[in-house]
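Sequence lines set the chain letters: A, B, ... in the order given, protein chains first and strands last, and positions in each chain run from 1.
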Amino acid sequence: MTPADLSAAIVRIIAALQADGALGAAELPAEVVIERPKNREHGDWATNVAMQLAGKFGLNPRAFAELLAGELSKVDGIEKVDIAGPGFINITLSAAAAGELAKAIVESGSAFGRGTDLAGVKLNLEFVSANPTGPIHMGGTRWAAVGDSLARVFEAQGADVTREYYFNDHGAQIDRFARSLLARARGEAAPEDGYGGAYIQEIADRVLAETATDILSLPEDEAQEAFRAAGVDLMFGEIRESLHDFGVDFDVYFHENSLYESGAVQKAISRLRELGHIFEEDGAIWLRSTTFGDDRDRVVIKSDGEAAYIAGDLAYYLDKRERGFDRCIYMLGADHHGYVPRMMALCAAFGDEPGKNLEILIGQMVNLMRDGEPVRMSKRAGTVVTMEDLVEVVGVDAARYALARSSINSQLDIDLEQLQKKTNDNPVFYVQYAHARTAQVAKNAASLGVARTDFDPSLLSHATESELLAKLSELPRVVAQAAEFREPHRVARYVEEVAGSYHRWYDACRVTPISGGDVEAVHRTRLWLNDAAGVVLRNGLELLGVSAPERM
RNA sequence: GCGUUUGUAGCUCAACGGAUAGAGCAUCUGACUACGGAUCAGAAGGUUGGGGGUUCGAGUCCCUCCAAGCGCACCA
């Protein structure tokens, strides 16, 4: 008996009551919200359906709840139904009905928790997309962790997900990058508007060492171009490698430059011109984005004939749509949130539906803290902390978990020194330890002859067992919500709760008999529960891209 | 000034409009000669930034004020 089963049962009961004429005609909900009461004394599950629907039927919530409760208590597997407060219906399951779940989870294995909400949806998720003018810093690292986890969550709901990285290898920032490399290679100071980090020196040296011709003797513009091409390639390689080491592999690395080389930009502008959204003024070519809610029109081609940044976005979006993506999701940092209205306008200008075909997730910044004070990070000044730095200090699992466990709507403070000193304050270990424990318990059980031969769910009657079972049953809903709200951190929070429930159960209920004792049905049945917890922890950690070790 | 995100325990953060606002870390007190103590039990810690409103019910939705971050280019 899962929450989904209960929800379905309640919908059936309401329909039956309607058929009998006990209730008036009113639209039925597709599903009823079933939740865990915070207070255990309120039973295993609770629903507020009576308070929400009573009005529709012209009844007061208590009366409606009484009617429902009477029928509900006849359902197989339900031990007790109580009505509390203004009309909460509290449901207590029989131990056997609740315990069945343990076996079902073990038998589902890695499939437990998956759903079909996004089945058949071809979805493009773009994240990180950091400029190739330096290594990936903390902000990009956060999106890597969250974005990849979100992709996994989408996939768990049946979506066909393409992870995409937009590689900005075109434009003025890249020119500054190239000039900085050239200057460093010559032993000069970085240009005023250039980049000054130590990595610039490294890359400049590598370009010099790996290029056959003597770049420095070339004319200025040729030398700069040589550094641009080689420098971007090197950065691109490093970024890919860092991401790979972080467990994030993109399906598509899309090079902005290719949009210009292929004529895609001109094509996109032509398309918009045909649709009547392009005009010329002051020698520039504009997109009339105000038609679609933007607060000003946007220059697409500047009066000097150069493309503005948005030109690439137009072409890029069109390209994604033509590659067949129904949904294009962009994850951007808070420093780009002002960009949302023009992106939505762009989407609408192509005749698409903003918010559906194009969706933008804005994530807040990561602050680097030192001694409780924020440290200013500046790529140009070279005071960045990179993805590699973070991984070196805390490891991939802890880093990904720490970044993925909080909502992207709030700023995140990361104190490297603190993480360095006591990695224990990262809850990932609590969760991983719980998983390792399930594995060790299973191992001990095997060696003592405890096996999953028989299963009597009515033996799972301890308070910690009903708590654990109820918690385990929530995984499918948590994953579905994480996908719906685009909030993978829900999975992390959930998995912490599962770990807590498991540890408490472990403390109270033994899977193996104490030394010399006989193996009984209760031990074999508990092994099912132990293994079910292992499955849920493993599946949850998998969605976060964090390993589930068998020993630590 | 306009827009946007945020404000919850000492710190970092949770909480589909639900019941007594929860975890971890830090602090204090306890627990196995029993499957790994990276654990468990307990204590302490809160006017959910302030003030209004909506309703059976608000940390959550609306208005307003305060504070902070981030934006507001023919930059990318």
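Considering only side-chain atoms of A:A84, the nucleotide from B:A19, B:A34, B:G18 that sits closest is B:A19. Residue A:A46 has its side chain nearest to B:A19 when only B:A14, B:G36, B:A19 are considered. Among the nucleotides B:G36, B:G69, B:A14, the one closest to the side chain of A:H489 is B:A14. With B:G36, B:C56, B:C40 as the choices, the nucleotide that has an atom nearest any side-chain atom of A:Y430 turns out to be B:C40. When each of B:G69, B:A23, B:A76 is scored by its nearest atom to the side-chain atoms of A:A172, the top-ranked nucleotide is B:A76. Nearest to the side chain of A:N409, among B:A23, B:U6, B:A19, sits B:U6. Proximity note for A:Y433 (side chain, C-beta onward) versus B:C35, B:A14, B:G36: the nearest is B:G36. When distances run from any side-chain atom of A:N90 to the nucleotides B:A76, B:A15, B:A19, the shortest one goes to B:A19.
Rounded to the nearest Å, the gap between the P atom of B:A15 and that of B:G3 is 27 Å. When the P atom is compared between B:A26 and B:C65, the two are found 42 Å apart, to the nearest whole Å. Comparing the P positions of B:G51 and B:G69 gives an interatomic distance of 24 Å, to the nearest angstrom. Using atom P as the reference point in both B:A14 and B:G57, the two lie 29 Å apart (nearest Å). Comparing the C1' positions of B:C40 and B:G24 gives an interatomic distance of 15 Å, to the nearest angstrom. Straight-line distance between the P atoms of B:G50 and B:C11: roughly 16 Å, to the nearest whole Å. Taking the P atom of each, B:G42 and B:C61 are spaced 33 Å apart, rounded to whole Å.
The 5' end of RNA chain B is approached more closely, in terms of each residue's nearest nucleotide, by A:E487 than by the other of A:F88 and A:E487. Comparing A:A308 and A:I89, the nucleotide of RNA chain B nearest to each residue sits closer to the 5' end for A:I89.
Taking the ring centroids of A:W528 and A:F455, they lie under the 6.0 Å cut-off. The distance between the ring centers of A:Y165 and A:Y253 falls below 6.0 angstrom.
As judged by a 4.0 angstrom heavy-atom cut-off over every strand, A:R551 is placed among the base-contacting residues. Within 4.0 Å (heavy atoms only), A:R296 reaches sugar-phosphate atoms of the nucleic acid but no base atom. If you check every strand for non-hydrogen atoms under 4.0 Å, A:S303 touches a base. Residue A:D282 is classed as a base contact, given a heavy-atom separation below 4.0 Å to a base. Nucleic acid contact class of A:R437 (heavy atoms, under 4.0 Å, all strands): sugar-phosphate only. Here A:M365 lies out of heavy-atom contact (under 4.0 Å) with every strand. Here A:G171 lies in heavy-atom contact (under 4.0 Å) with sugar-phosphate atoms only. Across all strands shown, A:I174 has no heavy atoms under 4.0 Å from either base or sugar-phosphate atoms.
Within the 4.0 Å cut-off from OP1 or OP2 of B:A23, not a single side-chain nitrogen or oxygen of A:R405 is found. Here A:H503 does not reach the OP1 or OP2 of B:A23: none of its side-chain N or O atoms lies under 4.0 Å away. Close to B:C75, at under 4.0 Å from its OP1 or OP2, lies a side-chain N or O of A:K302. Phosphate contact (OP1/OP2 of B:G36, side-chain N/O of A:N444, threshold under 4.0 Å): present. Between A:S407 and B:U5 there is no side-chain polar atom (N or O) within less than 4.0 angstrom of OP1 or OP2. Between A:Y502 and B:G36, a side-chain N or O to OP1/OP2 separation shorter than 4.0 Å is absent.
Centre separation under 5.5 Å together with a plane angle under 30° holds for the ring of A:H42 and the six-membered base ring of B:A19, marking them as stacked. With centroids closer than 5.5 Å and planes inclined by less than 30 degrees as the test, A:Y506 and the base of B:C40 fail to qualify as a stacked pair.
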Show the numbers, then the answer: is there a side-chain hydrogen bond (donor to acceptor under 3.5 Å, both in side chains) between A:E496 and A:Y401?
CA-CA 11 Å; A:E496 287 169 30; A:Y401 194 90; 2.6 Å; yes
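One cannot find a donor-acceptor pair under 3.5 Å joining the base of B:A34 and the side-chain atoms of A:D507.
A salt bridge links A:R452 with A:D531: the closest approach of a Lys/Arg side-chain nitrogen to an acidic carboxylate oxygen falls below 4.0 angstrom. A salt bridge does not link A:R288 with A:D294: none of the charged nitrogens is closer than 4.0 Å to a carboxylate oxygen.
Not a single donor-acceptor pair under 3.5 Å links the side chain of A:D397 to the backbone N or O of A:V546. Counting only distance, with no hydrogens or angles, the side chain of A:Y330 and the backbone of A:L358 share no donor-acceptor pair below 3.5 Å.
Against RNA chain B, the stretch residues 331-343 of chain A makes heavy-atom approaches under 4.0 Å through A:A334, A:D335, A:H336, A:H337, A:G338, A:Y339, A:R342.
Looking at RNA chain B, the stems built from 3 or more consecutive Watson-Crick or G-U wobble pairs, each pair with its key distances under 3.5 Å, are B:1-7 with B:66-72, B:10-13 with B:22-25, B:27-31 with B:39-43, B:49-53 with B:61-65.
To the nearest angstrom, P of B:C11 lies 20 Å from CG of A:N426.
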